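Next up is a structure, given as structure tokens.
The figures that follow rest on heavy atoms only: side chains count, while hydrogens, waters and symmetry mates do not. Chain letters run A, B, ... following the sequence lines, proteins first, then strands; residues in each count from 1. What you see is a predicted model, and the numbers here were worked out from it, not measured in a lab.
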Protein chains: 2
Amino acid sequence: MKLHQLRYLHEVVKQGLNITSAADALYTSQPGVSKQIQLIEEELGLQIFKRNGKRLTGLTVPGQQIVMLADKVMRDIENIKRVGEEFSDVETGTLTIATTHTQARYKLPAAVKAFMTNYPRVKLNIHQGNPSQVAEQVESGEADIGIATESISERESLLCLPCYHWNRCVVVPHEHPLLQGGPLTLEKLVNYPLITYDFAFTGGTLVSKTFSDAGLTPNVVLTAIDADVIKTYVTLGLGVGLLANMAYDADRDTHLAKIDVDHLFADSTTYLGVRKDAFLRGYMYGFIELIAPHFNRAAVNQALKIAD
Amino acid sequence: MKLHQLRYLHEVVKQGLNITSAADALYTSQPGVSKQIQLIEEELGLQIFKRNGKRLTGLTVPGQQIVMLADKVMRDIENIKRVGEEFSDVETGTLTIATTHTQARYKLPAAVKAFMTNYPRVKLNIHQGNPSQVAEQVESGEADIGIATESISERESLLCLPCYHWNRCVVVPHEHPLLQGGPLTLEKLVNYPLITYDFAFTGGTLVSKTFSDAGLTPNVVLTAIDADVIKTYVTLGLGVGLLANMAYDADRDTHLAKIDVDHLFADSTTYLGVRKDAFLRGYMYGFIELIAPHFNRAAVNQALKIAD
DNA sequence: CAACGTTACGCTCTTCGTAAAGATG
DNA sequence: CATCTTTACGAAGAGCGTAACGTTG
């Protein structure tokens with residue numbers, strides 16, 4: 001058995017059982033991939049893929065287990081390489097952060113700036129996506145660290161560290177009726193068209209739960225992944241914006257008024273997630289500490305150990 | 001990076017940093033191993049081994065982590081092969097049990113006989129050793145299943161399932177003074193030379209703790225790993241035997257008298273241990289169920305899942 | 001017939017084993 | 001000087017890419 005064969009296997013599955021595109025992704029020839037798949041099936045004495053004639057149509061039962069194990073092997077190989085990089089050249093490498101727009105735009109800039117100063121030779125990537133995409137990227141190893149509020153803390157394979165708490169605010173154009181008539185209530189809010197994050201109402205998240213617990217159905221007219229987009233449409237008078245407190249900038253958003261809603265929604269916690277089985281480079285610990293100063297290297301290691 | 005290189009690495013460490021004996025163990029040439037070690041060190045850009053000139057004297061800090069990960073990879077490769085064997089030929093394979101003499105001699109025979117009938121094409125090995133050797137063999141993958149009372153349940157990497165409870169008995173020659181004068185007490189027992197298992201007094205096990213809690217020091221004159229050896233010396237009048245209840249056979253041990261000591265020592269539990277990260281062959285589930293009927297395949301899988 | 005997978009074949013690069021040389025204690 | 005590791009080199013083998021062929025929908 002060869003590591004190459006496991007890598008090929010992984011890529012074929014990842015590419016939706018398409019050998020040709022797997023070969024492309026691996027920068028090698030298609031017959032080579034085909035051959036190696038055959039060889040490993042022969043060595044193991046079973047079919048990993050279900051086939052219809054020559055087409056791959058699915059994974060067999062043992063195939064599923066083998067692919068799972070192959071993935072595990074490849075993550076560990078990845079970890080070995082990282083150990084190598086870590087010790088041969090401590091300050092060089094790549095850090096990929098997966099996060100949501102709000103975090104990337106309003107919370108990370110300070111940490112990123114400090115990080116780039118501290119580790120000038122580390123290449124930094126920021127992947128943006130909705131919370132479940134963030135979690136998936138960390139799980140699959142595409143990203144080293146994920147930062148998000150929803151869903152990341154539900155993944156078994158991830159260690160999640162609480163970073164900070166935050167709440168939401170409502171933004172409206174100046175002279176909007178909601179600015180008068182005393183404190184805002186959920187009942188008042190549902191009378192107006194709502195513009196908010198597109199994932200705020202998927203899968204029983206805190207916002208949707210708050211409304212439904214109160215027996216109310218908000219009128220969500222527009223959703224976006226992006227606080228700036230939401231604010232833009234609010235400015236155009238298309239509705240009332242509901243977004244993270246930190247996304248309102250009094251200096252810049254002069255054409256919008258902010259209404260606190262801390263009393264309507266419970267605080268949310270933003271988590272930072274890493275794979276439990278990943279080897280963390282020194283600078284990754286550095287980044288984590290920049291975002292969540294209470295998690296220094298020792299604290300993270302302890303959490304990893306306990307979670308293991 | 002090649003799987004071969006990781007295997008070589010593992011074996012060199014296992015052979016006490018001796019490349020020559022590693023090469024022997026791997027049935028390959030010594031320069032080949034040497035070369036591959038160099039290659040992987042070069043690829044990772046660091047030294048895995050500390051060297052004094054040409055001699056290997058230890059592992060570097062990154063080396064330790066790399067060896068750890070390499071071991072993990074090799075276990076998963078092993079699991080992949082097992083999946084292959086399991087599905088290509090369900091009833092063929094090897095089962096290696098590590099256990100103590102007492103279990104092998106008095107508890108396993110029934111299960112082993114049934115197993116060999118149910119799975120005639122599976123080759124069965126029984127490794128004997130003291131409880132910590134049993135645990136080590138399972139941890140290292142030399143044995144698939146370990147059965148022992150002490151120490152096996154303390155290993156982090158093993159899943160331990162309780163099999164059955166048992167207690168001890170004292171055996172003496174007929175007409176021994178202990179047979180008269182009412183129920184046996186610890187105080188009486190320490191007046192006589194004691195012959196028992198060699199691991200019964202290592203590392204705070206139940207027997208030694210019972211004596212020390214009572215403020216007594218038994219006079220252990222002879223220890224053995226083997227109940228039959230203990231009984232032999234008791235027959236010779238060299239002392240009083242303390243051994244597992246099941247090791248006394250009224251039909252065969254006619255020259256020895258048995259005294260129950262259930263009231264002196266707490267029950268012990270015999271555990272069955274498997275690696276948490278091992279893929280279990282179908283017949284392994286079968287063997288487990290033969291020994292511990294309450295652990296059928298589903299129950300074991302559930303325990304593995306929870307432990308994970 | 002377009003997309004995809006397999007077979008065939010020659011080329012290159014890697015690995016392995018033997019033999020010999022260099023270090024270590 | 002016995003043990004152990006590294007270097008050197010020729011032979012065997014494995015993987016890769018191109019080209020051609022066979023299937024599937």
Side-chain angles (χ1 to χ4, degrees), chain A residues 1-60 63 66-67 70 73-74 77 80-81 84, chain B residues 1-60 63 66-67 70 73-74 77 80-81 84:
Chain A
M1 196 179 317
K2 302 282 155 58
L3 280 180
H4 254 141
Q5 296 171 333
L6 300 182
R7 163 168 289 107
Y8 286 8
L9 207 54
H10 171 85
E11 194 63 37
V12 169
V13 174
K14 191 176 165 191
Q15 298 289 334
L17 307 178
N18 184 321
I19 294 187
T20 305
S21 43
D24 290 347
L26 293 162
Y27 301 103
T28 185
S29 72
Q30 182 271 330
V33 177
S34 185
K35 190 72 186 296
Q36 295 305 318
I37 299 283
Q38 288 170 35
L39 281 175
I40 192 171
E41 285 188 326
E42 188 186 332
E43 178 176 350
L44 294 176
L46 52 78
Q47 287 218 331
I48 294 172
F49 294 103
K50 285 187 207 156
R51 291 179 172 78
N52 218 343
K54 294 192 170 183
R55 301 293 169 98
L56 307 188
T57 58
L59 283 165
T60 62
I66 290 169
V67 168
V73 167
M74 286 174 45
I77 295 293
I80 289 177
K81 289 183 180 161
Chain B
M1 196 178 319
K2 301 282 155 57
L3 280 181
H4 253 139
Q5 297 171 333
L6 301 183
R7 164 168 288 108
Y8 287 8
L9 208 53
H10 171 84
E11 195 62 37
V12 169
V13 174
K14 191 176 166 191
Q15 299 288 335
L17 307 178
N18 184 322
I19 295 186
T20 306
S21 43
D24 290 346
L26 293 162
Y27 301 102
T28 186
S29 72
Q30 182 272 330
V33 177
S34 186
K35 191 71 186 296
Q36 294 305 317
I37 299 285
Q38 288 171 34
L39 281 175
I40 192 172
E41 284 188 326
E42 188 186 331
E43 179 176 348
L44 294 176
L46 52 77
Q47 287 217 331
I48 294 171
F49 294 103
K50 284 187 206 156
R51 290 178 171 79
N52 218 344
K54 293 191 170 183
R55 301 293 169 97
L56 307 188
T57 59
L59 284 166
T60 61
I66 290 169
V67 168
V73 167
M74 286 173 45
I77 295 292
I80 290 178
K81 289 182 180 163

For this session: Scan residues 10-19 of chain B against DNA chain D and write down, sorted by residue number, each residue with any heavy atom closer than 4.0 Å; if none is found, say none.
Result: B:Leu17, B:Asn18, B:Ile19
Problem set entry | B/S/- contact track for nucleotides 15-25 of chain C, protein heavy atom under 4.0 Å | SSBBB--BBBS
Exercise. Given atom CD of A:Gln38 and atom C1' of D:dG22, what is their separation to the nearest angstrom?
Worked result: 13 Å
For this session: Report the distance from atom CG of B:Leu3 to atom C1' of C:dT14, rounded to the nearest whole Å.
Result: 15 Å
For this session: Measure across B:Ala70 and A:Ile80 and return the closest heavy-atom pair with its distance rounded to 0.1 Å.
Result: N-CD1, 4.0 Å
Exercise. Under 4.0 Å between a side-chain N or O of A:Arg51 and OP1 or OP2 of C:dT6?
Worked result: yes
For this session: Just jot down the side chain to side chain contact (heavy atoms under 4.5 Å, CB included) partners of B:Thr60, sequence neighbours excluded, or say none.
Result: B:Gln47, B:Lys50, B:Pro62
Problem set entry | Nearest-Å distance for atom pair CD1/C1', residues A:Ile37 and C:dC4 | 14 Å
Exercise. Applying salt bridge (charged side-chain N to carboxylate O under 4.0 Å, His left out), which residue pairs with at least one partner in residues 11-27 of chain A are found, sequence neighbours left out?
Worked result: none
Exercise. Sequence neighbours excluded, which residues qualify as salt bridge (Lys or Arg N to Asp or Glu O under 4.0 Å) partners of A:Arg51?
Worked result: A:Glu41
Less than 3.5 Å apart, which donor and acceptor atoms pair up between the side chains of residues 1-10 of chain A and the rest of the protein, not counting sequence neighbours?
residue : atom : partner : partner atom : Å
A:Gln5  : OE1  : A:Lys2  : N            : 3.0
A:Gln5  : NE2  : A:Gln36 : OE1          : 3.0
A:His10 : ND1  : A:Asp71 : OD1          : 2.6

For this session: Using a 4.5 Å cut-off on heavy atoms from C-beta on, say whether the side chain of A:Leu56 contacts that of A:Ile37.
Result: no
Exercise. Roughly how far apart are A:Asn52 CG and A:Thr57 OG1, rounded to 0.5 Å?
Worked result: 5.5 Å
For this session: Ignoring backbone atoms, test whether B:Ser34 places a side-chain nitrogen or oxygen under 4.0 Å from the OP1 or OP2 oxygen of D:dT6.
Result: yes
Exercise. For B:Glu41 and D:dT5, what is the distance between atoms CD and C1' respectively, to the nearest whole Å?
Worked result: 13 Å
For this session: Could you pull out the closest heavy-atom pair between B:Ser21 and B:Gln15, with the gap in Å?
Result: OG-CB, 3.6 Å
